[in-house]
Amino acid sequence: MKEERNENTDGEMLPARLMAADAEDLYGRAMKMMWSVVNYKDMQMTYSCALREIKTKFDVLNTEFNIKYKRNPISSISTRLKSTESTVRKLISKNLSVSVENIEANIFDIAGIRVICSYIDDIYEIAEALLKQDDITLIRRKDYIQNPKPNGYRSLNLIVSIPVFFAEGKKEVNVEVQIRTIAMDFWASLEHQLKYKRQTHDQAEVVARLKNCADIIARTDAEMLDLRRKIEQSHDAPTEEDELIERLKKIDVRMD
């Protein structure tokens, strides 16, 4: 009995069993690729949920400070998921293959939250309040406020682990937390934009001037904090009745 043969792209004849094996291999690879895509999407969902959890924690802290201490230490909160392109580039830079397992084990800033405060002391108060919560685990802490980067970058950066509860169980998820003042964020945003501009002949001058701007902003932050403290100290210590009246004023403050 003759074996059925088919012609390949070069005009040569291939046995039918080889073509069937090739088709099966192609199908297997396609299935594996599609499962990788599905698992990657599930991973993104997990990190997105972790961001919701930790943002809620900061919102609660801000509400508490507003009601109890008559001011909001947090000016704004923003969240982001690392882009697929950036994630792949980071894996490649670490000489790692692209997989969900490698992403979760080696990249700690897939989920990021940025908390903007008015004053430097607010940064440390908010960070301390977050880290005291028993479901938050500190993985790494880098204080670029006390020890700025050479380019002038300042921020308190934390990597924390937070539990996220799903229908099938709990999962610990890493989140990068950046806490900085309005002035620090203003500088970092502009520096980030300029960093990706085309190189210029006076690049060294640009870098030096950016560093100088960062130093000026740092001095301004320190001066504003000192001014706030002087104003607070100039007022007489509130009596118990004063405290009660101020708290009563907050009775109808919106909680959202």
Residues that E125 engages under salt bridge (charged side-chain N to carboxylate O under 4.0 Å, His left out), provided they are two or more places apart: none
Report, one line per pair, each donor and acceptor closer than 3.5 Å where one atom sits in a side chain of residues 182-190; sequence neighbours left out.
residue, atom, partner, partner atom, Å
D185, OD1, R180, NH1, 3.1
W187, NE1, L210, O, 2.9
S189, OG, D185, O, 2.9

Contacts of Y47 that satisfy ring pair (Phe, Tyr, Trp, His ring centres under 6.0 Å) - sequence neighbours left out: none
ILVMFWY network linking V60 to I54, side-chain heavy atoms under 4.5 angstrom: no
Set of residues satisfying salt bridge (charged side-chain N to carboxylate O under 4.0 Å, His left out) with respect to R219, sequence neighbours excluded: none
Which residues share a salt bridge (charged side-chain N to carboxylate O under 4.0 Å, His left out) with E128, sequence neighbours left out: none
By side-chain hydrogen bond (donor to acceptor under 3.5 Å, both in side chains) - contacts of K55 (at least two apart): D59
Close side-chain approach of L225 to D221, heavy-atom, < 4.5 Å: no
Side-chain H-bond candidate by donor/acceptor type, D143 with Y124, under 3.5 Å: yes
Residues forming a salt bridge (charged side-chain N to carboxylate O under 4.0 Å, His left out) with D121, sequence neighbours excluded: R228, R229
Any residue meeting side-chain hydrogen bond (donor to acceptor under 3.5 Å, both in side chains) with N151, in chain and number order, not counting sequence neighbours: E191
By side-chain hydrogen bond (donor to acceptor under 3.5 Å, both in side chains) - contacts of D135 (at least two apart): K57
Under 3.5 Å donor-acceptor pairs involving side-chain atoms of residues 163-172, not counting sequence neighbours:
residue, atom, partner, partner atom, Å
K171, NZ, E104, OE2, 2.8
E172, OE1, S161, OG, 2.7

Partners passing ring pair (Phe, Tyr, Trp, His ring centres under 6.0 Å) against F58 (at least two apart in sequence or in another chain): none
Qualifying residue for side-chain contact (heavy atoms from CB on, under 4.5 Å) with R154, from I123, D215, I217: D215
Residues in side-chain hydrogen bond (donor to acceptor under 3.5 Å, both in side chains) contact with T56, at least two apart in sequence or another chain: none
